[in-house]
There are 4 protein chains.
Amino acid sequence: MGGTMDGTKQQRRGNTRQRIQDVALELFAEQGYEKTSLREIAERLDVTKAALYYHFKTKEEIIVSLFEDLTQPIEELIEWGRRQPHTLETKQEIVRRYGQALAGAAPLFRFMQENQATVRELRIGDTFKDRMTGLRDIIIDPDASLTDQVRCISALFTLHAGMFVMRDLEGDPEDKRKAVLEVAIDLVTQAHQGGRTA
Amino acid sequence: MGGTMDGTKQQRRGNTRQRIQDVALELFAEQGYEKTSLREIAERLDVTKAALYYHFKTKEEIIVSLFEDLTQPIEELIEWGRRQPHTLETKQEIVRRYGQALAGAAPLFRFMQENQATVRELRIGDTFKDRMTGLRDIIIDPDASLTDQVRCISALFTLHAGMFVMRDLEGDPEDKRKAVLEVAIDLVTQAHQGGRTA
Amino acid sequence: MGGTMDGTKQQRRGNTRQRIQDVALELFAEQGYEKTSLREIAERLDVTKAALYYHFKTKEEIIVSLFEDLTQPIEELIEWGRRQPHTLETKQEIVRRYGQALAGAAPLFRFMQENQATVRELRIGDTFKDRMTGLRDIIIDPDASLTDQVRCISALFTLHAGMFVMRDLEGDPEDKRKAVLEVAIDLVTQAHQGGRTA
Amino acid sequence: MGGTMDGTKQQRRGNTRQRIQDVALELFAEQGYEKTSLREIAERLDVTKAALYYHFKTKEEIIVSLFEDLTQPIEELIEWGRRQPHTLETKQEIVRRYGQALAGAAPLFRFMQENQATVRELRIGDTFKDRMTGLRDIIIDPDASLTDQVRCISALFTLHAGMFVMRDLEGDPEDKRKAVLEVAIDLVTQAHQGGRTA
DNA sequence: CATGAATGAGGGTTCATTCAT
DNA sequence: TATGAATGAACCCTCATTCAT
């Protein structure tokens, strides 16, 4: 009552919306979307379930908002990619940047990878698929051999796998990141040259 | 009463357990584990929920039984792999056979890929992880460079991706299968030679 | 096939009905009637639930049959008591014999004491109440003071308590039995003399 | 909107928790714990089952809360008893007060008496047993004869029986209460003097 | 901004019971 | 004698959501 907070309820400066997103993403990534209840989120925040509804109209809107906030870099990457010439350098740069974008929103992508069935039914599903298709079309040469097309997709998947599956591979994280990137770039490079050499 | 059934209740010869598994897997793969209710499964089979409980003790046991039934070929593959010398040929053969095994239980693996968050919490989770680790240890040379290790994992992932993600890639399914296999084999081959050449 | 049993299924000479009763009583006394399911009984006997229904029409009939089989001595005791003169000796003898009867069917009475709410709703309820009333009327003098009437009921209750509550009192069981009996007899004796002395 | 409620939904001022407890205790005492479903309780209150779960986390918590709320006088009685000298007067006073405490929470104790099997499995079970043991230790002389120990327990049991079994004894309730108390006090008195006189 | 109280729909699970074989 | 398969009703419980305050 007057003056500074007493700490009982940690800083409530109106950042509640943000805090909800943080906790939600953490729990969604850890337990899955359906197994995470609003009650659980609310409890962690020491807030009522009803409070969540002040900030988000539905449970789905929480995940959608996360998706929209966190995946903009990828949107921009695609935008950028579309305007570039389809050279090898461009492709390699795309892979590099995509790797960074994934790392920048790791929990979200972990969530999306581990909850594909859920994501597909959510509103995000289609949007996300569109983006992936967009990316693909940039690095895939339409008249490349099937094998090379697969290589490109495999490159993207390697990046994804790099984030989550390879956590239990031993080695320095930074080294692993580099190794993953190298393999991915290798794949698009092979794919790019495939057309010309074979 | 003599002769064939009248069709109202299709053949109830004792294949109910099997039919439950079939329908369950279909729905689990399509909608996810948590979003598929036992009521839904029962309705599709024109049977009561309680009937499911005659054949399976819990919902989890249904998916576990599917896992155990359909995953044995992979178990055997690992067994076989362990007894082979770690030659390039062995590795390539592992990849080939793993591809086949995946194809042989496609719906289950699609389910597991798209419901990782769920699977992790289920009893299957650990078993599955162990198997993947087992496979990895066979095709990965322990003293290979990190990059080559990533290549091997990427090969396995490419096979997985091949099953599900690449469905919307245009082209003859059989051709796609071959292309996927080629890329995967390529990756382990590069990884294998990496140590010797680099 | 032919000759003696092999022991896998212990003696099944047609005593199944009896075995059901035994196991049922044990479980009913231990866990209560409602918390004991037919599945549980069947499993303990290594038999199907359906088999129970060959021997008993309903779950209730199992407990009813136990009641009828095991409480006959008390029925007879009442019969006997009714024909005796209402002397002190008779009353004392009733108490003594009732104590024995309780001991002879301890698990059943433990069950009835600990599941009164259930028993009341079962068909047994009334029968049992009738018997208790019968007993009471024998040892209670209709024109005794209220206090002496209470003494008589208290005597009966002391016997009941003696069976179950006093199990955790230390001391030799046989000694405890005697002590309980002594107190009960004391109570009816006081009650009997009350009328004459007060 | 201003003034009194319209009666459709009787006063919902926040006394719902209390109303749940009241109805629950009534039904539990009448039909037993397991045979009373939450649906039944909810219906009587003209409320949804889910509403019960807003106020109590589980069904068990309802009975536990009743136990904790209603049983405090006995807790205090024991506390008080422990601090008194072990004189005859103290023992008699304990019996008197215990009788009052029982009367003050008659429905709860009726429930506990008639659902012992259930209570034993509930969290309350042990707590209750501890209290009874506490009471016992106050009125029982450790070096009294077994017979006198039984007398003390019998006294307590007489009080219990007085509440429930003797309802169908004819006579004025108040007179019956007095008679029961007299017998109980008599028993502890005999027990107390037993050591000195016998 | 947020809570307290409640709802309706549905979840998985268990039960006593039935009946053809 | 007993089993295998199934049912219908009920169970406790949890969820996302609503709304007056």
Side-chain angles (χ1 to χ4, degrees), chain A residues 9 12-17 34-42 45-62, chain B residues 1 9 12-17 20 34-42 45-62, chain C residues 9 12-17 34-42 45-62, chain D residues 1 9 12-17 20 34-42 45-62:
Chain A
K9 301 256 180 180
R12 272 275 179 76
R13 301 213 203 88
N15 58 346
T16 305
R17 190 189 148 94
E34 354 261 348
K35 301 243 295 203
T36 302
S37 69
L38 295 187
R39 178 180 51 67
E40 210 173 347
I41 297 176
L45 290 167
D46 200 23
V47 152
T48 348
K49 260 188 299 177
L52 305 185
Y53 279 88
Y54 179 81
H55 295 280
F56 298 94
K57 261 206 293 281
T58 69
K59 184 186 182 187
E60 180 168 354
E61 209 183 69
I62 298 181
Chain B
M1 200 162 272
K9 297 264 178 180
R12 275 277 173 74
R13 295 220 198 82
N15 58 343
T16 304
R17 190 188 146 95
I20 293 173
E34 355 260 349
K35 301 244 296 202
T36 302
S37 70
L38 295 186
R39 180 182 49 70
E40 212 173 345
I41 298 176
L45 291 167
D46 199 25
V47 154
T48 347
K49 260 192 297 174
L52 305 185
Y53 278 89
Y54 178 78
H55 295 280
F56 298 93
K57 269 208 288 280
T58 68
K59 186 186 181 188
E60 180 169 354
E61 211 185 64
I62 298 181
Chain C
K9 302 255 180 182
R12 273 273 180 79
R13 300 214 202 84
N15 59 345
T16 304
R17 190 189 148 94
E34 352 261 349
K35 301 242 297 202
T36 303
S37 68
L38 296 187
R39 179 181 51 68
E40 209 173 347
I41 297 176
L45 290 166
D46 200 23
V47 152
T48 347
K49 260 187 299 178
L52 304 184
Y53 279 89
Y54 179 81
H55 296 280
F56 298 93
K57 263 208 290 281
T58 69
K59 185 186 181 186
E60 180 168 354
E61 210 183 68
I62 298 181
Chain D
M1 200 160 276
K9 298 263 179 181
R12 275 274 175 74
R13 295 221 201 83
N15 57 344
T16 305
R17 190 189 148 97
I20 293 174
E34 355 259 348
K35 301 244 295 200
T36 302
S37 69
L38 295 187
R39 179 180 51 69
E40 212 173 346
I41 298 176
L45 290 166
D46 198 26
V47 154
T48 346
K49 259 190 299 173
L52 305 185
Y53 279 92
Y54 178 78
H55 296 279
F56 298 94
K57 269 208 288 279
T58 68
K59 186 186 181 186
E60 179 168 353
E61 211 185 66
I62 299 181

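- Going from atom CG of B:N15 over to atom P of F:dA5 covers 11 Å, rounded to whole Å.
- Straight-line distance from the CD1 atom of C:I62 to the P atom of E:dC15: 14 Å, rounded to whole Å.
- In this structure, the side chain of D:K59 engages the main chain of D:T36 through a donor-acceptor pair within 3.5 Å.
- Of the candidates F:dT3, E:dA6, F:dT1, F:dT1 carries the atom nearest the C:Y54 side chain, counting heavy atoms from C-beta on.
- When each of D:T36 and A:L38 is assigned the nucleotide of DNA chain F bearing its nearest heavy atom, the one mapping closer to the 5' terminus is D:T36.
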Distances under 3.5 Å only, N/O to N/O: pair up the protein atoms with those of nucleotides 18-21 of chain E.
none

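- Between D:L45 atom CG and E:dA5 atom P the separation is 15 Å, expressed in whole Å.
- F:dC11 atom P lies 13 Å from atom CG of D:L52, rounded to whole Å.
- At distances below 3.5 Å, not a single donor-acceptor pair connects side-chain atoms of B:T48 with backbone N or O atoms of B:A50.
- Contact check, B:R39 against E:dG11: a side-chain N or O comes under 4.0 Å of OP1 or OP2.
- Separating the CD atom of D:E34 from the C1' atom of F:dA10 is a distance of 15 Å, rounded to the nearest angstrom.
- Judged by closest nucleotide on DNA chain E, A:A51 is the one of A:A51 and D:T48 placed further toward the 5' end.
- The two residues A:H55 and A:E61 come nearest to each other via the heavy atoms O-OE1, 4.4 Å.
- The shortest distance between side-chain heavy atoms of C:L38 and C:I62 falls below 4.5 Å.
- With sequence neighbours left out, C:E40 forms a side chain to side chain donor-acceptor pair (under 3.5 Å) with C:Q31.
- With rounding to whole Å, B:F56 atom CZ is found 16 Å from E:dG12 atom C1'.
- Residues A:F56 and A:R17 meet the side-chain proximity criterion, which asks for heavy atoms closer than 4.5 Å.
- Here the P atom of nucleotide E:dC15 and the CD atom of C:E60 are 18 Å apart, to the nearest Å.
- Contact check, A:T16 against E:dC1: no side-chain N or O comes under 4.0 Å of OP1 or OP2.
- Distance check on atom C1': F:dT21 versus E:dC1 gives 13 Å, rounded to whole Å.
- Here A:T16 contributes atom OG1 and A:L45 contributes atom CG; the two are 8.0 Å apart, rounded to the nearest 0.5 Å.
- Atom CG of B:D46 and atom C1' of F:dT7 are 12 Å apart (whole Å).
- For B:S37, whose side chain is taken as the heavy atoms from C-beta onward, the closest listed nucleotide among E:dT7, F:dC13, E:dG11 is E:dG11.
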> Dot-bracket, DNA chain F: Watson-Crick or G-U, under 3.5 angstrom, [ ] crossing, | other strand?
Replying inline: .||||||||||||||||||||
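- To the nearest 0.5 Å, the span separating CG on B:N15 from CD1 on B:I20 amounts to 10.0 Å.
- If B:K59 and D:H55 are placed on DNA chain E by their nearest nucleotide, the residue sitting closer to the 5' end is D:H55.
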